Amino acid sequence: MKEIRLHGRGGQGVVKASQIVVKAAVGAGGYGQFIPFFGVERKGSPVFGFLRLDDKAIRRNMQVYEPDILLIFDDTLIELPSVYEGLKEDAVVIINSKKTIQQLNIPSQVREVAIVDATAISLDIFGKNIPNTAMLGAFAKVTGLVDKEILLDEIAAEFGEKNRTAALDGYNRVQSTQLK
Amino acid sequence: MKEIRLHGRGGQGVVKASQIVVKAAVGAGGYGQFIPFFGVERKGSPVFGFLRLDDKAIRRNMQVYEPDILLIFDDTLIELPSVYEGLKEDAVVIINSKKTIQQLNIPSQVREVAIVDATAISLDIFGKNIPNTAMLGAFAKVTGLVDKEILLDEIAAEFGEKNRTAALDGYNRVQSTQLK
Amino acid sequence: MSERKHISPIGQEGLYVLDTASWRTHRPVMDKNTCVECGICLSYCPVNSIIFNDENKYEITYNYCKGCGICAVECPKKSISMVAEGGEDHG
Amino acid sequence: MSERKHISPIGQEGLYVLDTASWRTHRPVMDKNTCVECGICLSYCPVNSIIFNDENKYEITYNYCKGCGICAVECPKKSISMVAEGGEDHG
Amino acid sequence: MNYIQTLRTAKDVVTPGMSACQGCGAELILRRVLQLAGQNTIVCVPPGCLGGSGVVGWDYQTGMEIPVHIPLLTNTASYLSGVSRMYQRKGRGDVNIVCVAGDGATADGGFQSLSGAAERNEKILYICYDNEGYMNTGFQRSSTTTLGSHTSTTPLGSVISGKEQQQKYLPLIMSMHNLSYCATASPSHMADMVAKIEKGLAWSKEGFAYIHMFSPCPTGWLYDIDQGIQIARKAVQSNFFPLWEMENRKYRMTYDNKKPISIADFVKDIGKFRDLSEQDLAAIQSMVDDRYEKLKKLSSEADCNE
Amino acid sequence: MNYIQTLRTAKDVVTPGMSACQGCGAELILRRVLQLAGQNTIVCVPPGCLGGSGVVGWDYQTGMEIPVHIPLLTNTASYLSGVSRMYQRKGRGDVNIVCVAGDGATADGGFQSLSGAAERNEKILYICYDNEGYMNTGFQRSSTTTLGSHTSTTPLGSVISGKEQQQKYLPLIMSMHNLSYCATASPSHMADMVAKIEKGLAWSKEGFAYIHMFSPCPTGWLYDIDQGIQIARKAVQSNFFPLWEMENRKYRMTYDNKKPISIADFVKDIGKFRDLSEQDLAAIQSMVDDRYEKLKKLSSEADCNE
Amino acid sequence: MGEIKAMTGNTAAAVGAALSRPDVIAAYPITPQSSVVEYLSDLVHNGSIASTLVATESEHSAMSVLQGVASAGGRAFTATSSQGLAFMYEPYYQMSTMRLPMVMALVTREMISPCTVWGGQQDAMSVRDAGWIQLYAENNQEIMDMIIQGYLLSEHKDVLMPVNVCYDGFYLSHLVERVDIPEQSKVDAFLPAVSFDHVVLDPLRPMAVDSLTSGEVLMRYRMSHLEAMQKTLDVLEEVDEKFYAAFGRKYGGAIEEYRCEDAEFVILTIGAMTGTARDAVDYCRDNGTKVGLIKLRYTRPFPQQRLIKALAGKKGFAVIEKSVCYGWNTGPMYVETRSAVSETLSGLSHFSAIGGLGGADISLNHMISVIDTLQASLNTPGQKQTLWLVKE
Amino acid sequence: MGEIKAMTGNTAAAVGAALSRPDVIAAYPITPQSSVVEYLSDLVHNGSIASTLVATESEHSAMSVLQGVASAGGRAFTATSSQGLAFMYEPYYQMSTMRLPMVMALVTREMISPCTVWGGQQDAMSVRDAGWIQLYAENNQEIMDMIIQGYLLSEHKDVLMPVNVCYDGFYLSHLVERVDIPEQSKVDAFLPAVSFDHVVLDPLRPMAVDSLTSGEVLMRYRMSHLEAMQKTLDVLEEVDEKFYAAFGRKYGGAIEEYRCEDAEFVILTIGAMTGTARDAVDYCRDNGTKVGLIKLRYTRPFPQQRLIKALAGKKGFAVIEKSVCYGWNTGPMYVETRSAVSETLSGLSHFSAIGGLGGADISLNHMISVIDTLQASLNTPGQKQTLWLVKE
Ligand SMILES: Cc1ncc(C[n+]2csc(CCOP(=O)(O)OP(=O)(O)O)c2C)c(N)n1
Ligand SMILES: Cc1ncc(C[n+]2csc(CCOP(=O)(O)OP(=O)(O)O)c2C)c(N)n1
Ligand code: SF4
Ligand code: SF4
Ligand code: SF4
Ligand code: SF4
Ligand code: SF4
Ligand code: SF4
Ligand SMILES: [Mg+2]
Ligand SMILES: [Mg+2]
């Protein structure tokens, strides 16, 4: 089982994106689980969610405290202490950013950092910052945990064809660096 | 402890009368308890109530199943099987009636029957059939369980002076017959 | 009572009827001579104790009449009078 | 937390304030030259981000302005324009 | 067929012996409504004098020859909404879905439920018998109780005497709810009442129909038991209880009161108004005048001041 | 002092950063009401977008500089009645007892409580911000939602499209409650709104004052975030949301609309009205005309058709 | 000793409330509670008490008004029954979780359906997990006394919870008997003016009441509520002692034991039925049966430790209730009593007895039948079938 | 096997409801339930299901509408949470005492105050004595399946009671996972059209519904309600078997035992937390701890006999709950479990664990800490202090 924690801001589509991942996993015959964390705030406030993927039924029903993978939709969030908290040894961080690794304060456990400018992709394609589908593309590429084609189809079905493009862009443009 | 059951019809003042008895008993330093039975009907329907008098605190909180004394405000009620039910050996029956003892189907346990035409008294004094205060007078006379003067004062205080007269009339006009 | 099922509280074993005639202290009596058969008394009787009988006449019935006297007050011809109920006969 | 009493849920340890400025994608900019100091923008700003400053001028503040653009639409002189927020600077 | 012919042939489906007091206006209303509704009817009678008078039944017996239920004090209109929806689904929209509810069940405890059902335009005929108080529980004030009335919760006292607020005039409030049909009726004006019940039944096949009825109560108001219709008549004649209806969104006065009698005249034989202060009397008169004026305006045809 | 002078000096007692959406009409209303009420105020904000936006506080922090409470969705007016009665007892009747409540808390879940408090004439200023739906829980229909609106419980569907009922027009309903003061207000007409809030505060020292406010909601209604005031203005100009007040029982139009624009014009840029059927449009127009006519009649001075 | 008068339970409740000088009384009529507020209305309209009266359109609003009153620092009183309690359930619950003090006379009544207006204790029992303190009175004297005690308890700084003074509809509400009325001056000394200020809506001291709260913080409030409830078990005994000092009457705290010392087995009772049970116990004692009686006075907090002590060494018990626990085929207090003494239950004989629903009578014979049944079963430990106290 | 899809718990509930072909759906939005009815609204507006939708002004009315529906012979569905449940409490109670079948999805949530919109099971627990059947689902599949099972159970002639299908707010309502959707035709075969007719408001068959009833007669209705509740313990197992035959899934009836056979001690869980507990049990088992798990599926009726059996021979247990019992300083199901097994309790070690209130998380570590604490206490029998599962 892979445990993934997602961090974003209200309005960035974190929940929808995660649901798509679960759908893609289930569509491929696997198992997935997503639990959104519901705060009180609207737009712009930090939101997070917990995603699990496995090839057998997932039973635990709780937050993710020690993520294998972090998916960060907004690099301003890394200032919050909670974002990097609990990371497993050899964790993977996938982040929407224009920054360099050095600027990202990556903690020592992290094995791999993948950076993608999902905001730029999204601004390009939609004219606004909804980085979620581009992030999904990056996620598929970096982790290999979901089938790329199934994911793209789910994205297109849910959000329309433009988003397939965004996801593909994310897939293609993400830059991965092994730290260990 | 004396246990008394009252039978009357809605509108005849059974509840008020019983409350007065308790007040009189308490006023004299004794103990009394009255529990009205609440049915659903209004005016004219059979109503009953349970009265207990004692010189020490009364604890039981229940209906009277085996009355020492019956106080019947309306002689048409004796057709109901429940009226004479459970009477104790040597019981006393006080009834508002123009009838003779023979017409009243008195059960065998009864030791004493007291008849008073409380309706007539009440029609005389108030122009309508509210026999309760006259019945109280009869009750005081026959049972000696409440102090006459205290009772009359309570009646006058609660209902006005006319009712003192009605009670006195009841006291004076009740006819008691010992059956045993 | 034991054969009854006591699932939901429902009433279907006949009509629940109270003997309201016994409440009467006065009974309405109609004067057929002055009555003009307007039916106003029928329309105002709260108990529906006034009927339009087989002879096409308005008639007061006494099985349930509570003796309120509204019919008497409302009759435009004052054809109904309230008479004290005598003795033990309750209608 | 342990000294707190937790009887009734009350809040009196300061004001709860959200950083709403970070929501802005565009910021309102006032053109002092065309502004006629009518105050209409102030009256319509849902966030009360437009103030009447010490110099008796209307002024847009950016600590909480959400960038809705209502002031720009409502200004009778079109003196306010919405300018895309640049880079990472959120007000 | 005039209304008397209608009434004399319409079968009474309510138990002939019910325990409403002698001369009770509500009993009259209940019988008239259900006579006109007839056998193809489901009726609810919430807690109140009628609900408590045996018409729902006792133990295993029923109090009516038609299906009857006593809902909660707080939910008559929504309960009936459910029944009505099911009859729509069954293709039996011809069944009359009716309630006869007191002012407490209508204007107070069940008001939210009523307002919601009206907004949803449920196919129901809702009859409120307004005796201005919670009579069943012992004559306490309700929101429709008139200013200054003595009730068991607004007693005659040395500091406060009677109810301190004006009555809540529910029919106008209801008429502002986009109803299909809304009317007031008084048992004194029986032809008008019968016509309105019939209209109400018809309209209830289209949507929510509401009729607010003046319901004299000798026991709670303290007047002689034979005076109910007289009092109801004076209520209408004094404009205390104006008769009107709203149909197709149009208001119409159904009793044009050329020479209203005074409120002083209306209240004078009613015990609950004994010791009404001059001030209270004037306040009621002014409220009544104001209300009547409002109704006249609403029922005027032309756009008068344009 | 004109209204702008008033506003620019009136201190904002609400947290500067609250989470209402960009361009939210309700935030504007809340701030204006409390600016005018000032520090000597106790306010309730029931569950809804405002109550959920942080203005009540979080954990141990508060969202305002004045005492604030979030009552139940169902009891704002009665809760405040209790507070108000205590302040009368304390001899501090000068304290403003105010709520700012959504249409759901007002016209639906809390309507009975509201109606009761109005009948009792409690000394409260009750402000309803009407965004025509339960926005906080995800844009479901409420009773004030306009016919044909798409909401999350009245979606665009092949069998049914949008809400099936006309909106419940609460201000007229409330004005029939013997209120001390009743008014409608729109943020587009800010001078009028400010005047009415001030009147409402004053009247709330005498009894129940109610103001119903048009509250544009970009997120739920689907229009551009800078368009709220424009839309509110068109609501007034089309008579969809007429401006009036009732004071001393007298109705008065506070915006005399000589040349109303059409409802079609009003709805055209609002997403929730996309795919409004011709029929629905006509029905809304007719309801609006009818309502306006009613209001004109009520506010006419003379007894016109006698 | 104060003035002695005969009065109904409802009057006793009203007098108790009046003596406690509530700021605001808000209520809605319902059988069998109505006369409580009618009596108080008379007092207010006549200026005999200085309270404010608010006649609401429903119980939901009555409780809500009082929530406003208490959170503005006032002393609040109401009374209700069954459907009224059910209709106010939402603010009723919140009253306790806001930890606002007040006293409510709960004139217990059966819940519909079937349609009923008569006694029983189902209403109170069904909402026992809403965070209120609940106690039951046995007679009219106890009603009056416990309303006064109730305020002291409710407003105690270690308690701060609303209190239900429950008493049997009709069987006490409409029963007339003698009551010794405490003097106002003594009550004033016993019960000082309101001083709680943990919640105050006041512009002079602005605070948010009920800000949105995260789960971890919310748990602290719940813990503190539960702790205060346990603490109440001590405070209620203190209050009872204080009352005794002031008025010469005491009730024994959370439970009262009657002839238990040397009893072989006991019956447990709640409310008005206790009086009848006392007579039954005396009767059976006279016939040589070593039976005792425990009167469960407080059900919330549930007096677990006192029950363990009281039942120690006994061979059996029966809990007699005027309510059912739908999920268990027994009464609710039977379930909890059994749970309370579970460590030492094995070897005991015990059962639930249910009667008095919807106004049915619980007679001396019923009480004796419970005692007889229990005695007959003592040599076969374990749970016996629920005994329904129906008409023979 | 039907179609497999990933969906939230709320969608699963809505799909389960839709498959059951309700006549009328009436509801009022509240977090976290809202999307249940939004989903169903979509289906109705699109003509995908033939149900009637009634959007009421409150939960009180939603439940009342459905009471009308059921008493006119219709199949009814609603969903609510916390304050919504509290506000509908009066008709909610009556629904069961009128013995009207229906299914309600109860998306469990903490009760205010403090103000909260998050999960917990306090709402359901607080009204457990209102005569409804209450069961808790562990995951989205179980939600969907149990709504369908719920109707069969509710309408069963020996049951005739409304059913609450409870599931954790957010932790299931908003959790997305895979669900196997039963085919409509199979559901139709499993769940025939409405046939109950013990109450019917129909002019063709006039009857009084809810005539005023005397106490002695009312007691018969209560007896029959309690008996039906006990009978339900059998029927629910039958229904589960039938469901298994039709769809290949079963849940074990009133409780499910997990690795209990050879367990030395067990933990009891309710709802969504069970999944985490399974992982914890496996983890501890791997470390040599002989722990088992009992998932309490039905709380009403309370499965006393099955618990006695399941706990026989164990040395200890802990009940983990997302709600409190204010009167006891423990969780409510701990009180009842203890009562259930009281005959054999002595010698056992046991305690109540409380967590997850107001949306707080119950983690694997919490579960392990419960197991560890219990294991450590096995040699000192008796009740241990309540364990609060707060953030470390
Ligand atoms: C929730 C609730 N509160 C209180 C009651 C008690 N109650 C029964 S009838 C009634 C009065 C109803 O008044 P109204 O509807 O005017 O009918 P009336 O008795 O005047 O005929 C009340 C308060 C109840 N049944 N339910
Ligand atoms: C009894 C109850 N039911 C449902 C809810 C859930 N709820 C919270 S806010 C809200 C919507 C309120 O709508 P409105 O008052 O119009 O305010 P808005 O969200 O539109 O600002 C609802 C239904 C609740 N809090 N209480
Ligand atoms: S009202 Fe008079 S005149 Fe008319 S039918 Fe009756 S009795 Fe005859
Ligand atoms: S007296 Fe009354 S009940 Fe009798 S017939 Fe006349 S109107 Fe009817
Ligand atoms: S953009 Fe919006 S929030 Fe910012 S100043 Fe203008 S009106 Fe205010
Ligand atoms: S509205 Fe425009 S002109 Fe008026 S003060 Fe603002 S910026 Fe200046
Ligand atoms: S109290 Fe009034 S309304 Fe009730 S039955 Fe008697 S007369 Fe009719
Ligand atoms: S949803 Fe609408 S009402 Fe709610 S905060 Fe957003 S804009 Fe305002
Ligand atoms: Mg009434
Ligand atoms: Mg809204």
Side-chain angles (χ1 to χ4, degrees), chain B residues 1 3-6 13-42 47-67 82 85-86 88 136 146-147 150-151 153-155 157-158, chain G residues 3-9 11 31-32 109 115-119 137-142 167-180 258 269 271-283 293 295 322 355-356 358-368 389 391-392:
Chain B
M1 179 172 54
E3 297 197 312
I4 302 147
R5 202 167 58 210
L6 300 97
V14 175
V15 173
K16 283 267 167 164
S18 315
Q19 292 181 343
I20 295 267
V21 175
V22 176
K23 281 184 187 168
V26 168
Y31 290 83
Q33 176 203 65
F34 173 68
I35 311 178
F37 178 87
F38 270 74
V40 54
E41 288 98 33
R42 286 185 185 66
V47 298
F48 43 107
F50 311 105
L51 181 63
R52 294 186 172 90
L53 296 171
D54 205 344
D55 49 15
K56 55 185 193 304
I58 298 163
R59 305 184 301 184
R60 66 186 57 182
N61 185 302
M62 53 180 279
Q63 301 183 4
V64 169
Y65 293 94
E66 301 180 351
S82 55
E85 210 174 66
K88 273 229 186 79
L136 286 187
V146 279
D147 182 284
I150 296 183
L151 182 75
D153 287 348
E154 285 285 352
I155 288 174
E158 184 83 21
Chain G
E3 196 190 354
I4 292 190
K5 271 200 173 172
M7 61 177 74
T8 63
T11 305
T31 306
R109 174 180 137 175
C115 190
T116 175
V117 296
W118 295 291
E138 176 182 347
N139 53 41
N140 294 356
Q141 184 71 60
E142 194 172 359
Y167 57 92
D168 294 74
F170 294 112
Y171 279 90
L172 285 182
S173 66
H174 287 63
L175 173 146
V176 181
E177 65 182 5
R178 76 184 255 162
V179 175
D180 180 347
Y258 181 70
T269 58
M273 66 167 87
T274 308
T276 312
R278 288 182 202 268
D279 280 0
V281 165
D282 286 0
Y283 173 88
L293 166 79
K295 169 179 160 191
K322 287 188 174 181
D361 198 43
I362 299 187
S363 67
L364 197 68
N365 284 345
H366 281 141
M367 287 295 178
I368 295 170
L389 307 179
K391 218 166 205 155
E392 299 90 62

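Each chain gets a letter, A, B and so on, in the order its sequence line appears, and its residues count up from 1. As a basis for the values below, the full set of heavy atoms in this structure was taken, side chains included, without hydrogen atoms, waters or symmetry mates. Just so you know, these numbers come straight off a predicted model, no measurement behind them.
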Asker: Under a 4.5 Å heavy-atom cut-off, does chain B meet the side chain of G/L364, its backbone, both or neither?
Answerer: both
Asker: Any heavy-atom pair between the side chains of B/Y65 and G/N365 that's under 4.5 Å?
Answerer: no
Asker: What residue pairs, at least two apart or across chains, pass salt bridge (Lys or Arg N to Asp or Glu O under 4.0 Å) with a residue in residues 22-33 of chain B?
Answerer: B/K23-B/E158
Asker: Please list, chain by chain and in numerical order, all residues satisfying ring pair (Phe, Tyr, Trp, His ring centres under 6.0 Å) with G/H174, sequence neighbours excluded.
Answerer: B/F38, G/F170
Asker: Only counting residues at least two apart or in another chain, list the ones meeting ring pair (Phe, Tyr, Trp, His ring centres under 6.0 Å) with B/F50.
Answerer: B/F48
Asker: Could you tell me whether the side chain of G/T8 reaches within less than 4.5 Å of the side chain of B/Q19, counting heavy atoms only?
Answerer: yes
Asker: Does atom NZ of B/K88 have more than 12 heavy-atom neighbours, drawn from other residues, nucleotides or ligands, at distances under 6.0 Å?
Answerer: yes
Asker: What's the spacing between B/M62 CE and G/H366 NE2 if we round to 0.5 Å?
Answerer: 9.0 Å
Asker: With only heavy atoms counted, which part of G/N139 is less than 4.5 Å from chain B, the side chain, the backbone, both or neither?
Answerer: neither
Asker: Atom CG in B/N61, atom OG1 in G/T276: separation rounded to 0.5 Å?
Answerer: 5.0 Å
Asker: Applying a criterion of heavy atom separation less than 4.5 Å, what residues of residues 24-31 of chain B form contacts with chain G?
Answerer: B/V26, B/G29, B/G30, B/Y31
Asker: Output the distance between atom OH (G/Y258) and atom CZ (B/R59), rounded to the nearest 0.5 Å.
Answerer: 4.0 Å
